[in-house]
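Before any comments, here is the structure.
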Amino acid sequence: MCGIVGYVGPQEALGVVLEGLRRLEYRGYDSAGVAVRIGDPAAGGELATARRAGKLANLEKALAGQPLPPSTIGIGHTRWATHGGPTDRNAHPHLSTDARVAVVHNGIIENFAALREEFEARGIEFGSDTDTEVAAHLLAAAYDDLPAGPDRFAEAMRAVSRRLEGAFTLVATHADEPHTVVAARRNSPLVVGVGQTADGVPEYFLGSDVAAFIAHTREARELGQDQVVEIHRERGLTVTDFAGTVVEPTAYTVDWDAAAAEKGGHDWFMLKEIAEQPQAIADTLLGRIGDAGELVLDEVRLSDQELRDIDKIFVVSCGTSFHAGLIAKYAVEHWTRIPVEVEVASEFRYRDPVLDRSTLVIVISQSGETMDTLMALRHARAQEARTLAICNVNGSTIPRESDAVLYTRAGPEIAVASTKSFLAQIVACYLVGLFLAQVRGVKYADEVGAIVEDLRRLPEAVSEVLLQMEPVRALGRSLASAGTILFLGRHVAYPVALEGALKLKELAYIHAEGFAAGELKHGPIALIEQGTPVVVVVPSPRARESVHGKVVSNIQEVRARGARTIVIAEQGDDDVVPYADHIIRVPRTPTLLAPVVTTVPLQVLACEIADTRGHDVDQPRNLAKSVTVE
Ligand code: M6R
């Protein structure tokens, strides 16, 4: 939610900042803006800015017609609007009244109204409707109040940070500071990149995530909560807490490169990421299975005794990650016999869940920055529950604040719609469930080994599905003008239906609902009219009890009322044939693992429908990849 870039170094800053924004645009695309500091470093300088509503391309076009003067210090922003509409006027950067300070911001400043009143009482006129602008005025005032000195700008930022409430990453440049960009973070992401040019000149980057600078360096520094960072051409990097105490940031090397964040010949990032799913699953399994087929999850820093003491599990997450949790419930309960509750993070902490030291709270987040999930995690920790994060972004806030972490290894996911991270999350949940079963001794080693073998076959099964997607694309094109599409599933196929509906809503902007197939007769069946497309995800005929037969009946019920039935069924399941207008086949997969394969056609379907309708598949309207506000 909002992408932020900062740069200090020998390169032309505008180019570096725009390239960073291009890679961060998935975080928000309501507007974009840049500010560079210009003028002789020894004499007084000034700031040059440009901002435009809409996608980054609008800003780039404006800059092509009216370029900014050259500079080696710059900041930039790509916005997901919260306070104030997506207009030029509300686009970041925001300036102080004297235009000597420029600020970009991600998050929500909760006490902005009171601060704004304070300034307005002093006769300061605001140029935007945002919460951010107060930070620019505060920073200018704090700077002016401080004596000249090398730490003046950073100290001004610390003073401002101490006054702000809510969530913020702020990055700022000052006309009188020719060598420095400063930033602050609380409850909102910010990482630092440390690099050098080909001729060995140091350069420093700030970004909402490492994608901002991956084209220049893979050397990153993690910032903690409530910290201020200064990047300075000569002094390099200095990190302090809000009180000014110097802290050493954690260094790490990003394990992917710029090529991983390119489309690689695909029309959309989403298509590339769908194609990468077999690899994402294989990488998530890699190194986590021992020679004897046992689970080796050394990263899960909970002792065997702590794992044995667990008597209840909550899985807490949002959106697609929530669906991963719903799928996990079936397997984890079945394998461990521990009760599992799955809940959306935005509800979890408000209903006072019963948690204690023997509760395990698993939080799932691709980005590791989702504010609802982070707040739920903090609530769980405050109640002394054990916490385990399943996360795709190394060093992000959620894994840093959890007792234990299991990273999915899906690589960078750029498309707003989660695909490969989702399958990797499901697989990571399977690993956790099996590990618990192993440690607690509720499954024999050979039983664990047999399931592990099934997991190892998943990349191949998904590759097989991907080879057969042409008819699904054709089907997608034929569904592009549908007004409503319903998704049904039972047992593990129910959360898959929910995910199919979510994908369609977010990409194609078509009304879609996922239902437990058994619930149909309790109301939703009234939605069906002649020709309504209904996608039915059919559990394996080998699924428990008579689940399969019941779903076949559900297909007949909707068809009898005029539905056009699109059936996802495993190879050899002939029972569905008489009632299916279209059949999408998937390989035979063990019941509990089947969601990994049945999800894939639904991703492709949504992508194709959205593309046919002329939508930007990677950047759907109103959305952002990482939701860092509650
Ligand atoms: O980064 P997270 O996994 O915490 O994000 C959670 C949701 O915002 C995310 O899954 C969202 O629903 C996706 N855009 C769905 O495709």
Side-chain angles (χ1 to χ4, degrees), residues 1-3 24 26-29 80 106 187-189 208-209 211 268-271 273-274 277 280 315-328 342-348 361-377 389-402 405-408 410-426 428-429 495-496 498-509 512 514 599-600 602-607 610 615-630:
M1 198 140 282
C2 298
L24 291 188
Y26 68 94
R27 300 180 66 89
Y29 29 85
W80 188 85
N106 175 24
N187 285 338
S188 206
S208 299
D209 66 51
W268 299 110
F269 276 111
M270 185 179 176
L271 286 174
E273 289 158 8
I274 288 173
Q277 295 187 113
V315 187
V316 183
S317 42
C318 303
T320 290
S321 299
F322 168 65
H323 296 157
L326 290 176
I327 290 167
V342 188
E343 192 152 349
V344 286
S346 52
E347 290 295 323
F348 180 70
V361 176
I362 302 177
V363 286
I364 307 178
S365 175
Q366 186 286 132
S367 60
E369 300 292 351
T370 300
M371 185 56 76
D372 289 317
T373 310
L374 177 61
M375 290 304 169
L377 166 70
I390 292 179
C391 182
N392 197 44
V393 179
N394 276 49
S396 53
T397 308
I398 287 172
R400 273 214 322 270
E401 294 196 13
S402 301
V405 56
L406 188 67
Y407 281 110
T408 48
E413 192 174 67
I414 310 292
V416 165
S418 304
T419 53
K420 61 177 179 171
S421 67
F422 177 58
L423 295 200
Q425 286 168 348
I426 302 171
C429 288
V496 176
L498 294 179
E499 175 61 8
L502 175 60
K503 280 287 154 292
L504 195 71
K505 279 183 267 207
E506 72 173 330
L507 296 175
Y509 322 150
T599 298
V600 178
L602 300 182
Q603 299 168 337
V604 174
L605 197 69
C607 183
H615 298 168
D616 185 332
V617 170
D618 289 335
Q619 296 179 348
R621 71 182 178 201
N622 304 336
L623 294 178
K625 181 71 179 163
S626 166
V627 183
T628 53
V629 292
E630 272 188 280

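In this text, all values refer to a predicted model and were calculated from it rather than measured experimentally. Both counts, for ligands and for their atoms, begin at 1 and track the order of listing.
Given atom 8 (O) of ligand 1, the protein heavy atom at minimum distance is Val627 CG2, 4.1 Å. Remark: minimum distance from atom 16 (O) of ligand 1 to any protein heavy atom is reached at Glu506 OE2, 2.4 Å. In terms of protein heavy-atom proximity, atom 11 (C) of ligand 1 is closest to Thr320 N, 4.1 Å.
Glu369 places a side-chain N or O within 3.5 Å of a backbone atom of Thr397 that can act as its donor or acceptor partner. At distances below 3.5 Å, not a single donor-acceptor pair connects side-chain atoms of Tyr509 with backbone N or O atoms of His615. Here the side chain of Asn392 pairs a donor or acceptor atom with the backbone of Gly411 at under 3.5 angstrom. At distances below 3.5 Å, not a single donor-acceptor pair connects side-chain atoms of Ser317 with backbone N or O atoms of Val363. The closest donor-acceptor contact from the side chain of Tyr29 to the backbone of Pro620 lies under 3.5 Å.
Close approach to Ser321 involves these atoms of ligand 1, each under 4.0 Å from a residue heavy atom: 2 (P), 3 (O), 10 (O). Taking every heavy atom of Lys503 and a limit of under 4.0 angstrom, the matching atoms of ligand 1 come to 15 (C), 16 (O). Short contacts between ligand 1 and Gln366, defined as distances under 4.0 Å to a heavy atom of the residue, involve ligand atoms 1 (O), 2 (P), 3 (O), 4 (O). Proximity to Ser365 (heavy-atom distance under 4.0 Å) selects the following atoms of ligand 1: 1 (O), 2 (P), 3 (O), 4 (O). Remark: ligand 1 atoms within the under-4.0 Å shell around heavy atoms of Ser367 are 1 (O), 2 (P), 4 (O).
Looking at Glu369 against ligand 1, nothing comes within 4.0 Å, counting heavy atoms.
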Q | Full working for side-chain contact (heavy atoms from CB on, under 4.5 Å) between Ile414 and Asp618 | A | CA-CA 8 Å; Ile414 310 292; Asp618 289 335; over 6 Å; no
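With atom 4 (O) of ligand 1 as the reference point, the heavy atom nearest to it among Thr370, Val344, Thr628, Ile364 is part of Thr370. Which of Ser421, Ala324, Cys318 comes nearest to atom 6 (C) of ligand 1 through a heavy atom is settled by distance: it is Cys318. When Ser418, Ala624, Gly319, Pro620 are checked for heavy-atom proximity to atom 13 (C) of ligand 1, Ser418 turns out nearest.
An N or O contact shorter than 3.5 Å links Val416 to ligand 1 by distance. Looking at ligand 1, you won't find any N or O of Thr373 less than 3.5 Å from one of its N or O atoms.
Screening Lys503, Gln425, Glu499 for a side chain to side chain donor-acceptor pair (under 3.5 Å) with His323, the sole residue that qualifies is Glu499.
In this structure, CG in Leu24 is found 5.5 Å from CG in Asp209, a value given to the nearest 0.5 Å.
Identified under the salt bridge (Lys or Arg N to Asp or Glu O under 4.0 Å) test for residues 410-426, with sequence neighbours left out: Glu276-Lys420, Glu413-Lys625.
Judged by distance alone, the side chains of Thr628 and Asn106 do bring a donor and an acceptor atom under 3.5 Å apart.
A heavy-atom separation below 4.0 Å is not found between Ser626 and ligand 1. A heavy-atom separation below 4.0 Å is not found between Lys625 and ligand 1.
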